[in-house]
Number of protein chains: 2
Amino acid sequence: MNSKKLAEFLEYAASLCETREVRLTPQRLEVLSIIAASGKPVGAYEILQKLQQERPNAAPPTVYRALDFLQEQGLVHRLASLQAYLACNHPHDEHQGQFLICSDCGRVREMEDGAIHTSLCKAADKAGFDMDDEIVEILGRCGECKRVRS
Amino acid sequence: MNSKKLAEFLEYAASLCETREVRLTPQRLEVLSIIAASGKPVGAYEILQKLQQERPNAAPPTVYRALDFLQEQGLVHRLASLQAYLACNHPHDEHQGQFLICSDCGRVREMEDGAIHTSLCKAADKAGFDMDDEIVEILGRCGECKRVRS
DNA sequence: AATAATATTGTTACAATATAACATAACTCT
DNA sequence: AGAGTTATGTTATATTGTAACAATATTATT
Ligand SMILES: [Zn+2]
Ligand SMILES: [Zn+2]
Ligand SMILES: [Zn+2]
Ligand SMILES: [Zn+2]
């Protein structure tokens with residue numbers, strides 16, 4: 001994420017939190033900024049290291065608490081297959097997103113594909129299952145890496 | 001999994017490995033048996049504890065190596081969202097499966113839903129993405145737990 | 001059968017991810 | 001100001017997973 005988009009994103013996040021009357025504290029904002037700036041999924045301890053450059057006494061709970069908040073607000077997603085965190089690319093409302101994860105370059109693209117969601121709902125329904133959350137992570141090679149390799 | 005189905009499953013696994021000319025050693029079989037017998041996803045260290053009842057000197061690598069083998073053979077799946085392992089319920093060939101995970105009772109149902117797979121392929125394709133693996137885990141409440149609750 | 005190559009297991013130590021528990025500080029509301 | 005709530009500080013620890021190297025067992029080759 002370039003610095004202009006980053007600034008826009010953080011501003012949007014701030015306004016979103018204001019509307020919801022939840023507190024995007026400086027610390028939470030800093031964690032969000034670290035994640036968004038990286039543009040790729042980042043591990044909690046990687047976040048911690050960067051945070052400690054500004055706040056030397058930050059500890060694991062500092063990061064995990066901020067992550068909990070940011071995930072609740074739909075500003076950050078956790079990628080279960082990577083145990084890493086990614087800024088949402090369209091943080092409108094509560095949603096899970098579906099992810100294309102490139103094993104070569106590590107970049108991730110978030111989608112919100114209606115057809116995928118529908119197929120999941122139908123399958124769950126058929127099984128008499130009441131769906132709360134969906135985790136969809138597709139591993140492979142992105143377009144750029146495909147071209148480079150072949 | 002009841003003991004009859006368990007025996008069938010283990011026998012089938014054995015024949016599968018024989019056909020493939022890979023070695024389902026006693027240790028690997030024991031790990032598979034522990035996972036299959038539990039009928040629910042089990043953590044690696046839970047497996048280790050049970051394994052140690054028979055093999056007191058089993059250590060984490062013992063379990064993780066067996067898990068690697070069993071996953072390669074498609075006999076066991078890893079659930080990324082739970083960091084736990086589950087015996088495959090139809091171990092025919094290489095496949096990933098899609099999972100309905102009940103947050104109440106912890107039971108998991110494995111599906112192989114063609115429509116889900118197709119929708120993932122289409123979405124990946126549209127994004128110019130070359131799909132290797134798919135991770136689909138649906139969290140919610142199973143039919144039984146729904147009835148009990150409501 | 002002896003040898004070499006490969007695959008599996010044993011063993012120790014450690015890395016990486018995440019949480020519990022309790023104290024302190026800040027904010028909000030009356 | 002005081003009480004209740006939310007957020008942060010701090011220490012310790014739980015949980016999950018690997019690295020590295022030695023010892024055994026299996027398989028293939030002579
Ligand atoms: Zn999103
Ligand atoms: Zn790529
Ligand atoms: Zn399966
Ligand atoms: Zn259930």
Side-chain angles (χ1 to χ4, degrees), chain A residues 13-14 17-18 20-35 38 40-73 75-86 106 135 137, chain B residues 13-14 17-18 20-35 38 40-73 75-86 106 135 137:
Chain A
C17 288
E18 201 167 3
R20 293 176 186 169
E21 296 186 319
V22 295
R23 294 170 53 202
L24 185 58
T25 62
Q27 200 160 147
R28 289 166 173 172
L29 181 60
E30 228 170 308
V31 170
L32 179 59
S33 172
I34 288 168
I35 299 171
S38 98
K40 298 208 288 190
V42 282
Y45 279 73
E46 199 180 335
I47 296 169
L48 178 57
Q49 279 200 334
K50 292 186 181 168
L51 186 61
Q52 281 174 335
Q53 291 172 10
E54 303 300 317
R55 302 170 178 265
N57 55 352
T62 316
V63 172
Y64 282 104
R65 285 165 180 162
L67 287 173
D68 284 348
F69 172 85
L70 296 168
Q71 284 175 271
E72 275 168 22
Q73 299 306 320
L75 294 167
V76 161
H77 298 291
R78 180 176 190 270
L79 299 174
S81 63
L82 302 179
Q83 296 180 185
Y85 304 84
L86 181 71
I135 293 173
E137 299 179 17
Chain B
C17 289
E18 201 167 6
R20 294 176 185 169
E21 295 186 321
V22 294
R23 294 170 54 204
L24 185 60
T25 63
Q27 200 159 143
R28 289 165 172 173
L29 181 61
E30 227 170 310
V31 169
L32 180 58
S33 170
I34 288 168
I35 299 170
S38 99
K40 297 208 287 188
V42 281
Y45 279 72
E46 197 180 335
I47 295 169
L48 177 57
Q49 279 200 336
K50 291 187 183 167
L51 186 62
Q52 281 174 335
Q53 291 171 10
E54 302 300 316
R55 300 170 179 265
N57 57 351
T62 316
V63 171
Y64 282 103
R65 284 164 180 163
L67 286 173
D68 284 348
F69 171 85
L70 296 169
Q71 284 175 272
E72 274 168 24
Q73 299 307 318
L75 294 167
V76 162
H77 298 291
R78 180 177 190 271
L79 299 175
S81 63
L82 301 180
Q83 297 180 183
Y85 304 85
L86 182 71
I135 293 172
E137 299 178 18

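Naming: A, B, ... by sequence-line order, numbering from 1 per chain.
Using a cutoff of 4.0 Å between basic side-chain nitrogens and carboxylate oxygens, B:Lys50 and B:Glu30 are not scored as salt-bridged.
When each of B:Arg28 and B:Ala59 is assigned the nucleotide of DNA chain C bearing its nearest heavy atom, the one mapping closer to the 5' terminus is B:Arg28.
At D:dT8, none of the side-chain N or O atoms of A:Arg55 fall inside 4.0 Å of OP1 or OP2 (strictly under the cut-off).
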| task | Produce a footprint string for nucleotides 13-25 of chain D: one letter per nucleotide, 5' end first; B if the base is under 4.0 Å from any protein heavy atom, S if only the sugar-phosphate is, - if neither. | result | ---BBBBBB----
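For the pair A:Leu24 CG and D:dT8 P, the interatomic distance rounds to 10 Å; values are reported in whole Å. Put simply, CG on B:Leu51 is 13 Å from P on C:dT11, counting in whole angstrom units. For the pair A:Glu21 CD and C:dC29 P, the computed distance is 9 Å after rounding to whole Å. Atom CD of A:Gln73 is separated from atom P of D:dT6 by 14 Å (rounded to the nearest Å).
The heavy-atom pair separating B:Pro41 from B:Gly106 by the smallest distance is CD-O, 3.5 Å. Nearest heavy atom pair, residue B:Arg23 against residue B:Phe69, reads O-CZ, 3.6 Å.
Distances were taken from every side-chain heavy atom of B:Gln27 (C-beta onward) to each of C:dG10, D:dT8, C:dT11; the shortest belongs to C:dG10.
Formation of a donor-acceptor pair under 3.5 Å by the A:Glu137 side chain with backbone atoms of B:Ile135 is not found in this model.
Residue-environment remark: CD (B:Gln71) exceeds the threshold of 12 foreign heavy atoms within 6.0 Å.
Side-chain contact annotation: B:Gln73 with B:Arg20, donor-acceptor N/O pair under 3.5 Å present.
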